[in-house]
Amino acid sequence: MSLKDKIALEALPKCVAIIMDGNGRWAQQRGEERVFGHQNGVESVRAVTEASAELGIENLILYAFSTENWNRPTEEIDALMELMLQAIEDETPTLMKNNIRFETIGDIEKLNKKNIEAIIRVKEKTKNNSRMTLIIALSYSSRWEIIEATKKIAKMVKDDEISINDIDEKLFSNSLCTAPYPDPDLLIRTSGEYRLSNFLLFQLSYSELYFTPTLWPDFRKEDYYKAIVDYQHRERRFGKTKEQFNK
Ligand code: IPE
Ligand code: IPE
Ligand code: MG
């Protein structure tokens, strides 16, 4: 029996976020260059995207490249960008076929022209797709996002569009790149690291966290189902007591 049959479809997370980690180690274990791991990670992206759409998960946020990843060796960055471009071009028909909208969060202006153009193209092409939104965090970091949001809000105050007392959680959250999406219900990180690495620090306040030693290129549908089943056994209390929740 697949773990898929254990998933309660009426209690799915509305938004899943994944820190796709461990590509380099996966390749090195095989005596290959790190980029070989990134290449194989694409298949895992395909698997979780397809599984999410099949189950009925509405939003999937994948951390693909962080602000700090710009500090990696140039050859690795170039290979990653090339791979991203290729993946976008190859996968666009599948996104269309499966009615999936493509979005990004992050400072994509920092990417090269070819990649920016490809991103704009796929966003435009998929913008009316409604089954699921696939959000790729690219050149993203949470501190960058929070600072950008702060600047936006400061400007609104300065221009007298709002007063300081209008600044609340809702306004702040609406000023983040993730404004159109709900906060993640479930965060998954692969590769056995127990940290957030500057990902969605504001949005993950009440998310359920799931860590697995599986390296990203090995992460497939069954691993994903396992994480979702685990999530469905959690009791989310949002600060209230257990009794209040069981009423
Ligand atoms: C995740 O895998 C992909 C990116 C950060 C781009 P890594 O490249 O971080 O792989 P490890 O963690 O070094 O094994
Ligand atoms: C986090 O992985 C970023 C992505 C998965 C894109 P890293 O490999 O960059 O994180 P650290 O350096 O181990 O914290
Ligand atoms: Mg890593």
Side-chain angles (χ1 to χ4, degrees), residues 15-49 52 59-88 90-91 102-112 114-116 118-119 133-148 176-178 181 184 186-204 207 209-220 223-224 227:
C15 180
V16 177
I18 308 183
I19 302 176
M20 312 185 286
D21 197 17
N23 295 352
R25 278 163 282 170
W26 188 89
Q28 278 156 353
Q29 282 172 5
R30 287 159 179 77
E32 299 279 352
E33 297 293 327
R34 296 175 54 83
V35 62
F36 183 65
H38 300 315
Q39 284 161 352
N40 281 275
V42 176
E43 191 53 44
S44 307
V45 171
R46 201 173 289 133
V48 295
T49 304
S52 301
N59 302 279
L60 175 64
I61 312 181
L62 301 179
Y63 202 8
F65 195 82
S66 74
T67 304
E68 289 75 23
N69 289 150
W70 286 116
N71 299 318
R72 291 196 177 189
T74 319
E75 312 81 74
E76 181 168 348
I77 297 176
D78 290 348
L80 269 167
M81 293 300 148
E82 193 52 46
L83 195 61
M84 231 172 262
L85 187 65
Q86 194 63 46
I88 290 176
D90 293 350
E91 298 306 318
F102 180 93
E103 274 297 337
T104 59
I105 52 170
D107 190 6
I108 62 159
E109 296 296 310
K110 280 223 171 78
L111 303 184
N112 63 46
K114 259 191 178 161
N115 281 58
I116 299 176
I119 289 168
T133 307
L134 171 65
I135 304 127
I136 308 290
L138 259 181
S139 190
Y140 171 89
S141 80
S142 193
R143 289 182 179 177
W144 165 81
E145 176 188 42
I146 288 170
I147 290 165
E148 288 303 304
L176 296 169
C177 310
T178 49
Y181 321 114
L186 168 64
L187 170 87
I188 299 171
R189 182 171 187 148
T190 59
S191 91
E193 307 295 354
Y194 298 90
R195 54 177 173 264
L196 297 178
S197 303
N198 218 345
F199 191 43
L200 305 175
L201 303 180
F202 186 90
Q203 299 89 333
L204 293 172
S207 309
L209 309 181
Y210 180 89
F211 298 97
T212 168
T214 304
L215 301 174
W216 180 249
D218 285 329
F219 193 87
R220 289 301 144 86
D223 304 280
Y224 189 45

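In this chain, residues are counted from 1 in sequence order. In each ligand, atom 1 is the first atom listed, and ligand 1 is the first ligand listed.
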Do we see a donor-acceptor contact under 3.5 Å between the side chains of [X] and [Y]?
X	Y	value
Arg189	Ser197	yes
Tyr224	Ser52	yes
Trp26	Asn40	no
Gln203	Thr178	yes

Residue and atom name of the nearest protein heavy atom (relative to [atom]), distance in Å to one decimal:
atom	value
atom 13 (O) of ligand 2	Arg195 NH2, 2.8 Å
atom 14 (O) of ligand 2	Ser197 OG, 2.6 Å
atom 2 (O) of ligand 2	Arg189 NH2, 3.7 Å
atom 7 (P) of ligand 2	Arg72 NH2, 3.9 Å

So is Met20 touching ligand 2 or not, going by heavy atoms under 4.0 Å?
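Flag set, Met20 near ligand 2.
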
May I ask you to decide whether Arg30 forms a salt bridge with Glu32, counting only side-chain N to carboxylate O separations under 4.0 Å?
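No, this pair does not count.
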
Looking at the Mg ion (ligand 3), is there an N, O or S atom belonging to Asp21 that lies under 2.8 Å away from it?
yes

Under 3.5 Å donor-acceptor, Asn59 side chain and Leu134 backbone
no

Do Ser44 side-chain atoms and Trp216 backbone N/O form a donor-acceptor pair below 3.5 Å?
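Present.
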
So if I count the atoms of ligand 1 from 1 in the order they appear, which ones are less than 4.0 Å from some heavy atom of Ala64?
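Contacts of ligand 1 toward Ala64, numbered from 1: 6 (C).
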
Going by the order shown, which atoms of ligand 1 are within less than 4.0 Å of some heavy atom of His38?
3 (C), 8 (O)

Is there a polar contact between ligand 1 and [X], counting only N or O atoms under 3.5 Å apart?
X	value
Trp26	no
Asn69	no
Gly24	yes

Does Glu193 reach ligand 2 with a nitrogen or oxygen that is under 3.5 Å from one of the ligand's nitrogen or oxygen atoms?
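N/O-N/O distance under 3.5 Å: no.
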
For ligand 2 and Ser66, I'd like to know whether there is a polar contact (N/O to N/O, distance under 3.5 Å).
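There is no such contact.
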
Look at ligand 1 and say whether Ser191 reaches it with a heavy atom at a distance under 4.0 Å.
no

Can you see which heavy atom on Gln39 is nearest to which on Leu83, and at what distance?
N-CD2, 3.5 Å

Minimum heavy-atom distance between Lys110 and Ser139, given as atom pair plus value:
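Shortest heavy-atom contact: CB-OG, 3.9 Å.
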
So Ile18 and Tyr63, do their side chains get closer than 4.5 Å, heavy atoms only?
no

Just to be sure I read this right, does ligand 2 sit under 4.0 Å from the backbone of Phe65, its side chain, both, or neither, counting only heavy atoms?
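Backbone only.
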
